[in-house]
Number of protein chains: 2
Amino acid sequence: MFATVAPIATWSSPVPPRPIAGPAQANVLEPLKAVAVTVRTDRDEEIVAQGDPARHCYLLVSGCARTVKLMEDGRRQVGEFLLPGDLFGWEALDEHDFGVEAVTPVTLLRFPRSALETLVDRDRHFARQLRALSAGQIRAGRERLVLLGRKTACERIASFLLEMAQRIRGEGGAMIGLPMSRADMADYLGLTIETVCRGLAQLRTAGVIAVERSKIVILDRRALGVAGCETVH
Amino acid sequence: MFATVAPIATWSSPVPPRPIAGPAQANVLEPLKAVAVTVRTDRDEEIVAQGDPARHCYLLVSGCARTVKLMEDGRRQVGEFLLPGDLFGWEALDEHDFGVEAVTPVTLLRFPRSALETLVDRDRHFARQLRALSAGQIRAGRERLVLLGRKTACERIASFLLEMAQRIRGEGGAMIGLPMSRADMADYLGLTIETVCRGLAQLRTAGVIAVERSKIVILDRRALGVAGCETVH
DNA sequence: CGTACTCTTGACTCTAATCAAAGTTGGTGG
DNA sequence: CCACCAACTTTGATTAGAGTCAAGAGTACG
């Protein structure tokens, strides 16, 4: 079925906030790479434990990771999904408030937070990029507040799919391969696994998307935007 | 009743992330004050409209304000409450994604975002402070994600009271005067007015707090922390 | 003193969670 | 290569927590 679905459209929306280490920016991180250690991790392995002393920062090179906060009774909230080029941990104070776990096998660069501090003080250009990164994080966080505080289950799911479609940007067209399980999606969206399934089913029935496990095709981007209460960008 | 309630305790928790313009830091903003305009606004007046071009930043001097996102159908999410010393708007890209409204009559300093950019580039000390501020914002935002994504109504309310108690730090003891209405609290916590009332009533019945309109006394801080799922700091 | 507003409480509804069970899929080993 | 197993996903039935609707109480203000 999926092999026969033609690419529907290329994105007309503006470029998403670009990761700090995207192709065009890779050079600004060069000084850090000198002191960086490459780390490889298997699926579901822990990269940073919640509460770890925050000595290091991480730059995700390949794969997908999730940041996680676990409550004492086991309730779990996924903070964000990290994709290649995403930086984690520079904003820690004394310790990492969220843990980091591999969603797929991942490769990361690990370097001391002090190295980042030094670079920021020395390199005005890098400092500006880091500022832009912070601003993007803060704004994205606020968008999540609206999602978690005021959107319905189905709206959250639609918004999530749009976000992922923008960020993953696979080879061809509107098909996206979601690296994370339904459980991860649920904990990201403040829902349960079952509700995520039902929401996807509802969007499928409405003809907005096609779903097959982790592969999702956006059939009607406009309708998905409406379903997610995303004002047209 | 409230006049007879003795102060219960002083806070034993660590200092909260300090606003950038608190007494000790006031000096670093001096260069900005030269180009700043003082703005005064009445209760419920709009200070920044959602979607305004982001030419200015604001430093709240006195009173309380809320940042607000309105969805097309009228659903509302309060992003944060701004208290004296809080900075708003530096993180905007092209436009302010949230509006700002006065909760009480407020005084603010308004200055061009470009002035902040300049200061940041020139003053390493200030840049570091701004970085600390961003980091604090990001961490606070993540805490909110857990609150909105995974906590029950009553837990959200308990967490909120603790946050406000820390930030407002009134003259005497455990009594806090909340400047915002139940509606503002509800939109901050992703709840309805009625649910906020019921949650407060529940905490009152449990003997954890005393409530009278906007005046709230924390009778049992430990129990409130437990009710809010706040791991002991 | 009256009016308008906010807050509180009650009754009922509805969305999403929970509990339960039946498909799917992919990986492993025979 | 195929069968089996464990994990994940999907769907269904029921429950619970928060939302909605409604009415009344308390306050602040003119």
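Every chain is numbered from 1 and lettered A, B, ... according to where its sequence line falls, protein lines coming before strand lines. Values below: all heavy atoms of this structure, side chains included; hydrogens, waters and symmetry mates excluded. Everything numeric in this text was worked out from a predicted model, so none of it was measured.
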Terminal axes of the helix from C/dC1-D/dG30 to C/dG30-D/dC1 (five pairs each): angle between them, nearest 10 degrees: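 Angle reported: 40°, given to the nearest ten degrees.
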Outermost nucleotides of DNA chain C that come under 4.0 Å of a non-hydrogen atom of chain B: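 Range of nucleotides touched by chain B: C/dT6 to C/dA11.
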Partners of [X] by side-chain hydrogen bond (donor to acceptor under 3.5 Å, both in side chains), sequence neighbours excluded?
| X | result |
| --- | --- |
| A/Lys151 | A/Ser159, A/Glu230 |
| B/Glu143 | A/Lys69 |
| A/Arg75 | A/Asp73, B/Glu155 |

Test of understanding: with side-chain contact (heavy atoms from CB on, under 4.5 Å), list the residues that count as partners of [X], not counting sequence neighbours.
| X | result |
| --- | --- |
| A/Glu95 | none |
| A/Gln202 | A/Cys154 |
| A/Arg213 | none |

Sugar-phosphate only, base, or nothing, as touched by A/Arg204 at under 4.0 Å among non-hydrogen atoms: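 Answer is sugar-phosphate: A/Arg204 comes under 4.0 Å of backbone atoms only.
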Side-chain touch [X]/[Y], heavy atoms, less than 4.5 angstrom:
| X | Y | answer |
| --- | --- | --- |
| B/Ile47 | B/Tyr58 | yes |
| B/Leu148 | B/Arg156 | yes |
| A/Phe81 | A/Asp184 | yes |

Atom of B/Ile218, atom of B/Leu224 and distance for their closest heavy-atom approach: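 Looks like CD1-CD2, 3.7 Å.
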Between P of D/dC8 and NZ of A/Lys215, the distance in whole Å: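 Distance check: A/Lys215 NZ to D/dC8 P gives 16 Å.
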Rounded distance in Å - CD1 (A/Ile216) to C1' (D/dT10):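 Rounded to whole Å, this separation is 14 Å.
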Step-by-step salt bridge (Lys or Arg N to Asp or Glu O under 4.0 Å) determination, A/Arg55 to A/Asp94: CA-CA 8 Å; A/Arg55 279 190 289 273; A/Asp94 47 345; over 6 Å; no
side-chain hydrogen bond (donor to acceptor under 3.5 Å, both in side chains) contacts touching residues 187-196 of chain B (sequence neighbours left out):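 Found A/Arg150-B/Asp187, B/Arg76-B/Asp187, B/Glu163-B/Tyr188, B/Thr192-B/Thr195.
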Residues within residues 180-188 of chain A bordering DNA chain D, heavy-atom distance below 4.0 Å: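 Residues of residues 180-188 of chain A that come under 4.0 Å of DNA chain D are, in numerical order, A/Ser181, A/Arg182.
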Where protein sits on nucleotides 18-30 of chain D, one letter per nucleotide: B base, S sugar-phosphate only, - none, heavy atoms under 4.0 Å: SSBB----BS---
Could you list the donor-acceptor pairs under 3.5 angstrom formed by side chains in residues 96-109 of chain A, with sequence neighbours left out?
residue, atom, partner, partner atom, Å
A/His96, NE2, A/His56, O, 3.4
A/Asp97, OD1, B/Arg142, NH1, 3.4
A/Glu101, OE1, A/Arg66, NE, 2.8
A/Glu101, OE1, A/Arg66, NH2, 2.8
A/Thr104, OG1, A/Cys64, N, 2.9
A/Thr107, OG1, A/Ser62, OG, 2.9

